[in-house]
Amino acid sequence: MTGVEQTAGRAAWAGPVLLGVRHHGPGSARAVRAALEEVRPRVVLIEGPPEADALIPLAADEEMRPPVALLAHAVDEPGHSAFWPLAEFSPEWITLRWALEHHVPARFIDLPATHTLAWGRQDDEAATEGERPPPAETAPDGDPGPGPAGLRIDPLGVLADAAGYDDPERWWEDVVEHRGAGEGDALAPFTALEEAMGALRETYGSGGHDRDLVREAYMRLQVRAAQREFEDGVAVVCGAWHVPALRQKTTVAADRALLKGLPKVRTDMTWVPWTHRRLARTSGYGAGIDSPGWYGHLFSAPDRPVERWLTKVAGLLRAEDRIVSSAHVIEAVRLAETLAAMRGRPLPGLSETTDAVRAVMCEGSDVPLALIRDRLVVGDELGEVPPSAPAVPLQRDLTRLQRRLRLKPEALERELELDLRKDNDAARSRLLHRLRLLGIAWGEPAASRGSTGTFRETWRLRWEPELSVRVAEAGVWGTTVLSAATAKAEADAVGAEGLAGVTGLAERCLLAELPDALPTVMRVLADRAALDTDVGHLAQALPALVRSLRYGDVRGTDTAALAEVAAGLAERIFVGLPPACAALDADAAEEMRGHVDAVHGAVALLGDAPAAGHGRLRGRWQSVLRVLSGRDTVPGVIRGRAVRLLLDDGQLAQDEAALLMGLVLSPGTPPADAAAWIEGFVGGGSGGGMLLVHDGRLLGLVDAWLTGVPAEAFTDVLPLLRRTFSAYEPGVRRTLGELVRRGPGTGGGATAAGTATPGFAADFDTERADAVLPVVRLLLGLDDMDDNTEDNNLAGVTG
């Protein structure tokens with residue numbers, strides 16, 4: 001447009017053009033673009049923090065893709081932050097892009113973030129409960145969320161109620177989103193909205209949030225300054241709620257008086273990626289819209305939006321193996337249009353299309369609608385920010401590592417399988433472990449569906465916008481991920497309160513491969529272990545240390561010093577465990593039983609450690625178990641577990657185990673103590689059910705004891721027994737019930753003496769085993785083998 005045409009376009013209006021919008025409203029965005037094209041301002045002013053003015057040119061970068069957000073954080077406290085999110089359908093984003101394309105200056109005019117963050121810090125210190133959205137997040141009416149000044153009104157809710165609507169979202173769609181930008185007058189929608197908001201401000205004033213008055217005073221000062229510079233070429237894009245206040249005639253002195261004495265903090269600001277999910281109210285960030293995916297669709301498909309939307313829905317349902325044809329789409333469009341006409345709406349909205357999808361494509365079921373809402377109505381769109389955007393050094397190093405390791409941040413959760421024998425996968429593992437140590441939970445470890453060896457790791461990855469804040473916060477520890485994780489680990493070791501915390505930290509240092517942090521961690525660990533005399537604490541600490549030893553083989557880490565500390569801990573546990581197990585109540589005994597299990601597993605691993613001299617630890621531990629199994633002062637649940645562990649390790653013959661069980665289940669033992677012994681021996685997920693299935697003598701002993709428990713004691717032992725046997729798999733419980741029904745329990749004394757229990761053979765039945773040989777031969781493909789060789793092989797299989 002020529003200069004003459006621009007002058008003619010501005011002649012129709014005097015003073016600043018105030019374009020009141022709804023943040024993240026596609027209808028507002030289209031209307032703003034049409035208004036800017038019509039009035040051709042010389043400068044545009046946008047509601048937002050002025051510190052971001054220097055970041056505006058980045059909006060034109062080819063690598064900048066919304067949704068994005070302006071992030072401001074306090075320099076001395078990076079965790080204290082605020083966001084200003086922008087989507088591709090946000091009026092503010094459209095304004096920025098229009099200004100850059102037409103080489104028109106653009107400025108942010110809201111209260112500076114230095115004051116906003118200071119206010120937020122005061123609120124955090126004063127708050128006693130609950131959570132608030134970040135102070136700069138905007139609500140549907142263009143106003144900040146609830147504050148301490150009193151009750152907040154919802155302008156859209158009031159206007160919708162006045163129009164006879166029970167849903168503000170539906171009212172907004174009808175009057176703005178589904179209508180044009182104004183027939184012949186691009187400013188008409190803004191004039192009507194300004195009149196409505198003016199009536200509300202006359203009735204409700206600031207609406208219960210007096211800080212709006214301060215923000216609006218600052219914005220008026222910025223508008224005046226722009227008018228002095230550009231005369232009548234000023235356009236302002238802000239929340240519709242603020243328009244009447246910006247139109248209000250006030251003095252400069254009065255506005256400056258409102259700004260006097262505002263608190264301040266030093267701030268940094270940058271662009272960060274954002275997500276559609278974080279634009280939804282359900283995320284806890286009152287950013288203004290329930291359905292960002294739907295609004296994004298309305299903005300990108302202004303022609304035939306219903307047909308295009310229902311085609312998207314059909315594609316999603318087909319991808320989930322649901323039968324949806326073109327005929328379904330056509331019928332759904334017809335139904336949505338019919339519903340809109342019946343409800344008096346100009347076009348079908350989200351409610352009409354949802355009702356049509358439910359009836360036509362989902363056969364009346366709401367189950368697929370949850371998927372549609374998650375994937376399309378809300379969506380997992382993740383924006384991108386160019387590398388040239390300001391960032392703390394730690395963020396730049398993380399971005400470099402993400403690119404080198406081909407780990408792209410994504411909003412949609414995905415599972416990542418790592419093979420640590422491969423260099424790239426091992427580097428990925430180190431990065432994710434280091435980030436977790438820094439409190440940047442991009443990835444969470446998950447149970448692997450494949451191999452459970454130490455060379456395999458499974459992670460669930462999901463990038464959330466808040467992680468950008470965590471990265472900035474972690475920047476105080478170092479300029480690279482490695483240096484920051486090392487410094488954080490050293491500080492955590494010095495500040496750890498318990499021994500178990502330090503051992504867990506040592507394990508994390510090995511996983512993250514932080515060799516420079518290990519000496520500090522090991523020194524603190526040795527000091528804490530030497531001073532801690534609580535056997536329970538030592539037993540909690542040992543498993544994490546021993547697990548860490550396993551990582552040395554795969555990760556190439558020197559764990560010799562760790563092995564020495566672990567061996568020393570084990571020796572101290574061996575000495576202190578028997579006296580620590582004496583005279584415990586039921587709860588303490590159950591907790592100690594868990595410690596015994598943990599130490600048993602740790603010793604089994606530690607005995608295989610490469611460090612010399614650790615093989616003797618197994619023998620020492622087995623001696624401790626024998627002491628625990630035979631000491632009357634030790635609770636029954638611990639004695640039973642000690643017997644079971646010795647039996648599993650082959651240090652106790654089955655006849656000896658049956659003899660010990662028989663002694664415990666004799667009439668002279670109190671029923672509660674006997675039940676606890678059974679819980680320790682066959683309970684706690686130790687595979688005791690299968691042991692009873694395959695050892696008829698033990699099952700017979702338990703059955704005989706249970707049938708002999710006196711009636712007055714039975715109700716006392718029943719809860720413990722139910723807990724023991726309810727932990728078994730259903731098939732195991734069913735088999736045990738069948739075995740008991742067939743006979744075990746009728747000859748408990750005979751069983752203890754070594755006689756066969758009724759229903760159980762004393763030895764293998766070779767004739768029955770031979771009957772399966774033809775089937776096994778067929779399954780193994782041994783028909784062509786020599787008969788003698790075949791018989792020998794099958795004998796080995798059946799034996």
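Hydrogens, waters and symmetry mates play no part in the numbers below; they use all other heavy atoms, side chains included.
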- Whether R318 side chain and V324 backbone form a donor-acceptor pair below 3.5 Å: yes
- Item | Rounded distance (nearest 0.5 Å) linking atom CG of L18 with atom CZ of R247 | 4.0 Å
- Item | W171-D161 side chain donor-acceptor pair, cut-off 3.5 Å | no
- Rounded to the nearest 0.5 Å, how far does CD of E307 lie from OG1 of T353? 11.5 Å
- Task: Assess the side chains of T399 and Q395: does a donor N or O sit below 3.5 Å from an acceptor N or O?
- Result: yes
- Query: Would you say E381's side chain and T275's backbone share a donor-acceptor pair under 3.5 angstrom?
  - Reply: no
- Would you check, one step at a time, whether the test side chain to side chain contact (heavy atoms under 4.5 Å, CB included) holds for R428 with Q402? CA-CA 9 Å; R428 288 175 169 182; Q402 288 171 333; over 6 Å; no
- Stepwise salt bridge (Lys or Arg N to Asp or Glu O under 4.0 Å) test for E444 and R436: CA-CA 8 Å; E444 292 290 337; R436 274 175 53 82; 2.8 Å; yes
- Item | Steps toward side-chain hydrogen bond (donor to acceptor under 3.5 Å, both in side chains) verdict (R345, S351) | CA-CA 11 Å; R345 307 193 67 180; S351 59; 3.2 Å; yes
- Task: Mind listing the closest non-hydrogen atom pair of P91 and A29 along with its distance?
- Result: CG-N, 3.8 Å
- Message: Are the side chains of E47 and R215 in contact, using a 4.5 Å heavy-atom criterion?
- Response: yes
- Using modelled atom types only, decide if a donor and an acceptor are shared between the side chain of E51 and the backbone of A113 within a distance under 3.5 Å. yes
- Does a side-chain heavy-atom distance below 4.5 Å link V243 with M197? no
- Are the side chains of Y165 and L159 in touch, meaning some heavy atoms are under 4.5 Å apart? no
- Query: Any idea how H24 and F89 line up, ring-wise: parallel (<30°), tilted (30 to 60°), or perpendicular (>60°)?
  - Reply: perpendicular
- When the aromatic ring centroids of H115 and W119 are compared, is their separation below 6.0 Å? no
- Query: Is T270 reaching over with its side chain to a backbone N or O of P390, donor-acceptor style, under 3.5 angstrom?
  - Reply: yes
- Message: Using a 3.5 Å distance criterion without hydrogens, assess whether the side chain of H80 forms a donor-acceptor pair with backbone atoms of L117.
- Response: yes
- Just by distance, do the side chain of W271 and the backbone of L55 share a donor-acceptor pair under 3.5 Å? yes
- Item | Worked check of side chain to side chain contact (heavy atoms under 4.5 Å, CB included) between I46 and I109 | CA-CA 6 Å; I46 306 168; I109 61 168; over 6 Å; no
- Item | Straight-line distance of I330 CD1 to L335 CG, nearest 0.5 Å | 14.0 Å
- Query: Is the count of non-hydrogen atoms from other residues, nucleotides or ligands lying under 6.0 Å from R308 atom CZ greater than 12?
  - Reply: yes
- Query: Where is the tightest heavy-atom contact between A389 and L58, given as atom of each residue plus distance?
  - Reply: CA-CD1, 3.6 Å
- Message: When you measure from the side chain of H297 to the backbone of P305, do you find a donor-acceptor pair of N or O atoms at a distance under 3.5 Å?
- Response: yes
- Query: Given the side-chain rings of W459 and W442, with only the six-membered ring counted for Trp, is the space between their centroids under 6.0 Å?
  - Reply: no
- Task: On the 0 to 90° scale, with breaks at 30° and 60°, tag the F83-W274 ring pair as parallel, tilted or perpendicular.
- Result: tilted
- What do the steps show when you test R97 against E92 for salt bridge (Lys or Arg N to Asp or Glu O under 4.0 Å), and what is the final call? CA-CA 9 Å; R97 294 287 301 176; E92 298 87 347; over 6 Å; no
- Within a strict 4.5 Å, meaning less than it, do heavy atoms of the L19 and V236 side chains meet? no
- Any side-chain heavy-atom pair of V378 and W294 under 4.5 Å: no
- Query: Which atom names give the shortest non-hydrogen contact between P49 and D110, and what distance separates them?
  - Reply: N-CB, 4.4 Å
- Are side-chain heavy atoms of H73 and S468 found at a separation under 4.5 Å? no
- Query: About how many Å separate CZ of F108 and CE of M269, when rounded to the nearest 0.5 Å?
  - Reply: 8.5 Å
- Query: Atom CZ in R358, atom OG in S365: separation rounded to 0.5 Å?
  - Reply: 9.0 Å
- Task: Please check if the side chain of H102 supplies one atom and the backbone of W98 the other of a donor-acceptor pair under 3.5 Å.
- Result: yes
- Item | Trace of the salt bridge (Lys or Arg N to Asp or Glu O under 4.0 Å) decision for R40 with E37 | CA-CA 6 Å; R40 294 285 175 160; E37 288 292 339; 2.7 Å; yes
- Task: Start with the C-alpha distance between E352 and R343, add both sets of side-chain angles, then the distance that settles salt bridge (Lys or Arg N to Asp or Glu O under 4.0 Å), and finish with yes or no.
- Result: CA-CA 9 Å; E352 284 72 34; R343 296 169 182 176; 2.9 Å; yes
- Which atoms form the tightest heavy-atom contact between L461 and G443, and what is the distance? CD2-CA, 3.5 Å
- Minimum heavy-atom separation for R33 to I94, with atom names? CB-CG2, 3.8 Å
- Query: Is the backbone of G25 close enough, under 3.5 Å, to the side chain of R30 for a donor and an acceptor to pair up by distance?
  - Reply: no
- Any chance you could measure H328, atom NE2, to M361, atom CE, to the nearest 0.5 Å? 8.0 Å
- Query: Is a side-chain N or O of R65 found less than 3.5 angstrom from the main chain of L382, in a donor-acceptor match?
  - Reply: yes
- Item | Over 12 foreign heavy atoms within 6.0 Å of CZ, R304 | no
- Message: Do the side chains of R201 and E216 get close enough for a salt bridge, i.e. N-O under 4.0 angstrom?
- Response: yes
- Query: Would you say the side chain of R322 lies within less than 4.5 Å of the side chain of P368, judging by non-hydrogen atoms?
  - Reply: yes
- Task: Using a 4.5 Å cut-off on heavy atoms from C-beta on, say whether the side chain of I372 contacts that of L317.
- Result: yes
- Note on the structure: Nearest heavy-atom approach of A356 to A332 is CB-O, 3.4 Å
- Item | Test log, rule side chain to side chain contact (heavy atoms under 4.5 Å, CB included), inputs V44 and V237 | CA-CA 7 Å; V44 290; V237 177; 5.7 Å; no
- Criterion side chain to side chain contact (heavy atoms under 4.5 Å, CB included) on D185 and E38, from CA distance to verdict: CA-CA 9 Å; D185 184 2; E38 179 172 314; 4.0 Å; yes
- Query: Does E363 CD have over 12 foreign heavy atoms under 6.0 Å away?
  - Reply: no
